[in-house]
Amino acid sequence: PKTHRVMTLADHISHIITQDFARNQ
Amino acid sequence: ACPVAPSSRSSQEVWESFSQCFTPAVKEVVEFAKSIPGFQSLEQHDQVMLLKSGTFQVLMVRFCSLFDPKERTVTFLNGQTYSLASLRALGMGCLLDAMFDFSEKLGQLGLEPDEMALFMAVVLVSADRSGIVEVAAVEQLQENLIKALRSLMSHRRPDDSTLFPKLLLRLPDLRTLNIQHSDKLLAFRID
């Protein structure tokens, strides 16, 4: 099932950036 | 392309689709950053820190082209146009007002696309320095980018020496937008 997490936009942006750099390690 | 919900959808669904629209926009800023000459020679930690503190501001500059300050409308990439009033219903009223003001001021400078891109690079490397390890390297990159932007603009408009300082005055506006809004707006993430 889909789980929703509410966070600030700043955290949402940080999460995407962290994921991107981790993927390109 | 960020379609805002027709009235039939709940506000949660609206926020969900808005948050999902943000993900590709953020990824584009990351790719843009990697294309900035010198950015990838910074410490990777510092690249991540600059992106975390600067991406919202870069997005604000990018979104300016969607805003029509005269008509007070926003036109998304899919061609859908929304009035300020209809977007206010989503509770983004104060951010939208600030965005209209900011895009009006930036629009009045009449920058060319390459000047706007260089300005976004300056915005990114001028972001908050807390957490930066090699401050000197970031400062040097910032100086180089500002020098490049200044010479591009003065070469193109030799008789207008006021435009460049006016442009740099937008940086504090962006920082204010960032402080006031990036930690207020909520996003939904689906795992």
Side-chain angles (χ1 to χ4, degrees), chain A, chain B residues 10-13 15-34 39-40 42-60 62-63 91-92 95 124 127-128 131 175 177-191:
Chain A
K2 284 200 289 190
T3 56
H4 290 81
R5 278 215 238 133
V6 180
M7 77 221 66
T8 66
L9 201 52
D11 291 339
H12 184 48
I13 288 171
S14 288
H15 174 76
I16 298 166
I17 291 163
T18 306
Q19 263 190 342
D20 185 279
F21 274 78
R23 202 176 306 124
N24 296 329
Q25 281 279 295
Chain B
S10 72
S11 60
Q12 179 181 325
E13 284 163 339
W15 272 112
E16 233 172 80
S17 76
F18 179 75
S19 311
Q20 278 164 9
C21 293
F22 241 81
T23 303
V26 172
K27 286 182 176 173
E28 279 173 26
V29 174
V30 174
E31 291 318 308
F32 168 75
K34 290 174 182 174
F39 186 82
Q40 295 208 70
L42 296 173
E43 281 276 324
Q44 178 152 326
H45 167 82
D46 290 350
Q47 292 179 41
V48 172
M49 296 307 289
L50 283 174
L51 276 162
K52 285 183 176 181
S53 54
T55 292
F56 184 81
Q57 297 177 63
V58 173
L59 285 176
M60 289 301 101
R62 288 196 72 190
F63 290 161
M92 294 193 285
L95 170 61
L124 187 65
D128 182 51
R175 224 162 276 142
L177 269 172
N178 187 50
I179 292 162
Q180 283 176 342
H181 298 286
S182 74
D183 58 2
K184 304 270 183 321
L185 274 172
L186 290 181
F188 285 85
R189 195 173 70 232
I190 299 123
D191 295 327

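Every chain is numbered from 1, with letters handed out A, B, ... down the list of sequences.
With values rounded to the nearest 0.5 angstrom, B:Gln44 atom CD is found 5.5 Å from A:Phe21 atom CZ. Taken from NE2 in B:His181 to OG1 in A:Thr8, the straight-line distance is 14.0 Å, to the nearest 0.5 Å. To the nearest 0.5 Å, the span separating OG1 on B:Thr55 from CD1 on A:Ile13 amounts to 6.0 Å.
Put simply, the side chain of A:His12 does not reach to within 4.5 Å of the side chain of B:Val26, judged on heavy atoms. Counting heavy atoms from C-beta outward, A:Gln19 and B:Thr23 have side chains that stay 4.5 Å or more apart.
Under the salt bridge (charged side-chain N to carboxylate O under 4.0 Å, His left out) criterion, B:Lys27 pairs with no residue, sequence neighbours left out. Under the side chain to side chain donor-acceptor pair (under 3.5 Å) criterion, B:Gln40 pairs with no residue at all, not counting sequence neighbours.
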- Walk me through it: do B:Glu31 and A:Asp20 pass the test side-chain contact (heavy atoms from CB on, under 4.5 Å)? CA-CA 10 Å; B:Glu31 291 318 308; A:Asp20 185 279; 3.9 Å; yes
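Among the candidates A:Asp11, A:Ile16, A:Thr18, the single residue satisfying the side chain to side chain contact (heavy atoms under 4.5 Å, CB included) test with B:Lys52 is A:Thr18.
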